[in-house]
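Note sheet for the following structure.
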Amino acid sequence: MTRKVYAPNVHLFAFHLKESDRHNQLWDKYNTILSQKFGLTKPLEIEEQIGYRVDLLKDKTEDDVALHFESKVFLDETLLPITGLATPIRIHDTYTLALNIRRPELDENGKKTNPLNPNFLELLNPSGCLMPTEIGSSLGQTLLLTVWYTEEKQWLPWKSLQNRQKLRELADNCLREFIPNEYSCPDFYREGQLFGSPIFEYGVPTQGKDYCHVLVWIFCETDTDKKFINHYSSFVNLFCYKNKAVTAYKLSRKVHDVLREEYLAIEPYIQEIFQGMPVDKNLTQKELNQFKTYLKDIPQKYLSYNQLTRDLDNYRLTIDINAQNYKREINDIQSQLPGENLSFLSQFFDEDCRLFREQLQSDLGYFQHGATLLEKAMTAIQGRVNIEQAQSDRSFQNTIAIMGVGLTSTGIGASVARYIVAADPGKPILPPFSSNHLHPLTQALFLSLVFGITGAAFTVMIQILKRRIG
Amino acid sequence: MTTEPLIQFLSRLLKTKPEQFSADNLEDLKQTIDSCENSPPEKAEEILRDWCNKQPGIKKALRFWESSNREVKKVRPSQANESMRLANNFPELRQEVEEKQSEITNSTKSDSAKPDQNQNND
């Protein structure tokens with residue numbers, strides 16, 4: 001026989017980035033769910049204010065910042081009243097919706113309501129309207145189901161092994177009933193004790209696909225719910241920081257996938273470049289141009305690669321910051337409940353966040369090599385291109401030098417010619433080989449040419465000597 | 001100091017909602033309390049509990065109060081100390097990274113689908 005539960009409650013804590021495209025996502029979803037699924041028409045109205053943690057409800061009072069509602073659901077052809085409240089908050093850059101829908105403990109006459117089959121929970125999540133794919137919040141969500149094991153509110157022998165197994169079965173059953181068949185049930189993650197009652201966690205944060213974080217808290221001690229209610233706002237904060245850390249980790253896996261592809265492509269790319277770079281001879285002009293193209297291509301790859309490693313590091317920092325905020329929140333609860341065992345809550349900081357942190361540090365260490373490889377390749381190619389360029393420039397300069405000296409020597413020859421060759425300006429210029437004597441102009445030109453060739457040859461000999469000595 | 005929630009709320013109800021008590025109620029209650037003066041605490045609790053159970057209106061109000069801080073009835077405003085936290089603007093995933101990662105995922109899926117197709121063809 002299925003165990004009945006008393007006063008089942010569903011709490012949704014959803015978190016959405018304020019600066020995203022659909023910044024009203026949570027408020028629109030709330031209005032849609034409450035109107036379409038529960039027949040309520042009063043919308044959630046928001047009023048922004050400056051501050052780190054801001055209560056956004058427009059009609060809030062001094063002691064209550066939630067919007068309250070009542071409705072009815074059909075169970076076994078009976079209309080059963082339900083109540084609830086919605087609390088819109090902004091925590092820094094994150095919009096938060098804390099939604100509670102429940103079968104109340106007392107009816108309108110102050111009498112205890114009847115215990116119910118766990119399948120009642122399905123009525124509080126009609127068509128899976130509270131599932132992550134339906135809510136669509138960019139920073140994730142946590143669903144918390146609370147039920148009393150007994151309406152007498154105390155079940156002392158719950159800690160025995162046999163009873164703990166029964167409680168685990170009850171929790172699994174509540175989860176299965178709550179989630180419609182078309183959605184996959186999250187895997188069991190861990191169990192523990194919180195405020196004296198057993199609590200079961202579902203949804204493994206490192207699982208990428210269909211992640212859904214659900215807690216099933218079965219109240220077995222009289223004070224459990226009081227402590228939860230007294231620290232309700234702290235739980236909102238805790239789940240906010242937790243979901244932000246988990247979301248940061250999930251997004252870092254996407255960056256990791258892209259970075260890994262780029263990393264694996266770097267080595268073959270560099271090998272291809274250096275295979276085409278002969279070490280025993282000069283580069284041809286075509287090869288030189290190809291390497292100049294690589295010099296334009298590599299900085300682009302380097303920039304893109306560095307942007308990805310920067311993204312990965314940003315997510316590492318985000319996880320650290322939210323983990324620290326989570327820890328501070330636990331410390332605040334502990335300071336108000338000094339003897340309370342909060343190890344179930346601390347596990348997220350001590351184990352999950354540590355895993356996230358270590359994974360990202362490993363990824364960054366590994367992928368850093370890719371950036372170094374690109375840097376070194378760029379330096380090597382630049383160096384080789386510079387050498388080839390310098391050789392080409394020197395060769396050109398030598399040619400210029402030889403021509404310069406040659407022309408200068410020719411000029412000197414021309415100047416000297418008038419002292420050696422007898423001037424005879426009146427003598428006619430005859431066709432070649434028509435006389436035994438060269439015209440004075442021809443003699444002067446020939447002398448200049450000899451001077452020029454001698455100067456050029458002398459320059460070439462000096463350059464050869466320099467190269468041999470160098 | 002009693003741990004009986006019903007009696008804990010009795011004094012609070014007297015202070016905050018005295019209209020719940022008629023003149024007869026108050027007289028009766030005074031006599032009941034006087035009779036408890038020389039009784040041990042457990043006995044006094046039992047006497048007062050019995051008295052509450054005999055007053056339907058008062059009992060109903062006490063029961064309501066007993067459960068009033070069990071379900072979330074009110075959400076208190078944000079406190080100043082809740083702002084003593086590290087601020088960090090959450091980095092959104094760049095569009096080009098999202099697109100490239102989708103291509104990788106789709107490529108992986110189509111690669112893993114290929115051997116099945118080969119088996120089917122056989």
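Everything numeric here is computed off the predicted structure, so don't read it as measured data. Excluded from the calculations below are hydrogen atoms, water molecules and symmetry mates; all remaining heavy atoms, backbone and side chain alike, are included. Quick note on labels: first sequence line is chain A, next is B, and so on, each numbered from 1.
The main-chain N or O of B:L86 is found under 3.5 Å from a side-chain atom of A:N325 such that the two form a donor-acceptor pair. A donor-acceptor pair under 3.5 Å links the side-chain atoms of A:D55 to the main chain of B:S78, judged by distance alone. A donor-acceptor distance shorter than 3.5 angstrom exists from the side chain of A:Y315 to the backbone of B:L93, with no hydrogens or angles considered.
A salt bridge does not link B:K100 with A:E261: none of the charged nitrogens is closer than 4.0 Å to a carboxylate oxygen. At a threshold of 4.0 Å, the pair B:R94-A:D311 counts as salt-bridged, since one of the basic side-chain nitrogens sits closer than that to a carboxylate oxygen.
Between chain B and the residues A:A98, A:A248, A:S252, A:A66, the largest count of heavy-atom pairs under 4.5 Å involves A:A248. Ranking B:A80, B:S102, B:S83 against chain A, the residue ahead of the rest is B:S83, based on heavy-atom pairs under 4.5 Å. Most heavy-atom pairs under 4.5 Å with chain B: of the set A:H256, A:R328, A:K227, this distinction falls to A:R328. Chain B forms more heavy-atom pairs under 4.5 Å with one residue of A:V65, A:N9, A:T83 than with any other, namely A:V65.
Between the CD1 atom in B:I104 and the CG atom in A:D257 there is a gap of 6.0 Å [rounded to 0.5 Å]. In this structure, the separation between CZ on A:R53 and CG on B:N81 is 10.0 Å, given to the nearest 0.5 Å. Remark: A:R103 CZ to B:E71 CD distance equals 10.0 Å, nearest 0.5 Å.
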key: Derivation of the salt bridge (charged side-chain N to carboxylate O under 4.0 Å, His left out) call for A:D63 and B:K74   = CA-CA 7 Å; A:D63 64 344; B:K74 288 183 180 182; 2.7 Å; yes

request  = Decide salt bridge (charged side-chain N to carboxylate O under 4.0 Å, His left out) for B:R85 and A:D332; before the verdict, give the C-alpha distance in whole Å, the side-chain angles of both, and the deciding distance to 0.1 Å.
outcome  = CA-CA 12 Å; B:R85 301 287 180 264; A:D332 277 358; 2.8 Å; yes

task = Check the pair B:E82, A:N237 against side-chain hydrogen bond (donor to acceptor under 3.5 Å, both in side chains), reporting the backbone distance first and the verdict last.
result = CA-CA 8 Å; B:E82 287 175 305; A:N237 301 337; 3.0 Å; yes

inquiry  = What verdict does the side chain to side chain contact (heavy atoms under 4.5 Å, CB included) test give for A:I229 and B:K73, after you've listed the backbone C-alpha separation in whole Å, the side-chain angles of each residue and the deciding distance to 0.1 Å?
reply    = CA-CA 9 Å; A:I229 299 312; B:K73 291 287 198 303; over 6 Å; no

task = Test side chain to side chain contact (heavy atoms under 4.5 Å, CB included) on A:I321 and B:F90 and set out the steps.
result = CA-CA 10 Å; A:I321 286 166; B:F90 192 94; over 6 Å; no

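Annotation for B:Q101 and A:K254: closest pair CG-O, 3.6 Å, computed over non-hydrogen atoms. Nearest heavy atoms, B:V75 versus A:S233: CG1-OG, 4.2 Å. Considering every non-hydrogen atom in both A:D93 and B:N88, the closest pair reads OD2-O, 3.3 Å.
For a residue to count as touching a neighbouring chain, one of its non-hydrogen atoms must lie under 4.5 Å from one of that chain's; by this rule B:E103 does not touch chain A. Residue A:R102 touches chain B through its side chain alone, counting heavy-atom pairs closer than 4.5 Å. Residue A:T146: no heavy atom, backbone or side chain, is found under 4.5 Å from chain B. Using a 4.5 Å cut-off between heavy atoms, A:H68 contacts chain B through its side chain alone, with no backbone atom that close. Both the backbone and the side chain of A:E329 come within contact range of chain B, judged by heavy atoms closer than 4.5 Å. For chain B, the nearby part of A:E62 is the backbone; its heavy atoms alone come within less than 4.5 Å. Proximity to chain B is limited to the side chain of A:L139, based on heavy atoms less than 4.5 angstrom apart. With a 4.5 Å cut-off on non-hydrogen atoms, A:T318 touches chain B through its backbone and its side chain both.
Checked options A:D21, A:L17, A:L251; the residue passing with B:E92 is A:L17 (criterion: side-chain contact (heavy atoms from CB on, under 4.5 Å)).
The side-chain heavy atoms of A:Y52 and B:M84, taken from C-beta on, include no pair separated by under 4.5 Å.
Under a cut-off of 6.0 angstrom, the local environment of CD in A:Q300 is sparse, with at most 12 non-hydrogen atoms contributed by other residues, nucleotides or ligands. Taking a 6.0 Å sphere around CD of A:Q336, one finds it holds more than 12 heavy atoms contributed by other residues, nucleotides or ligands.
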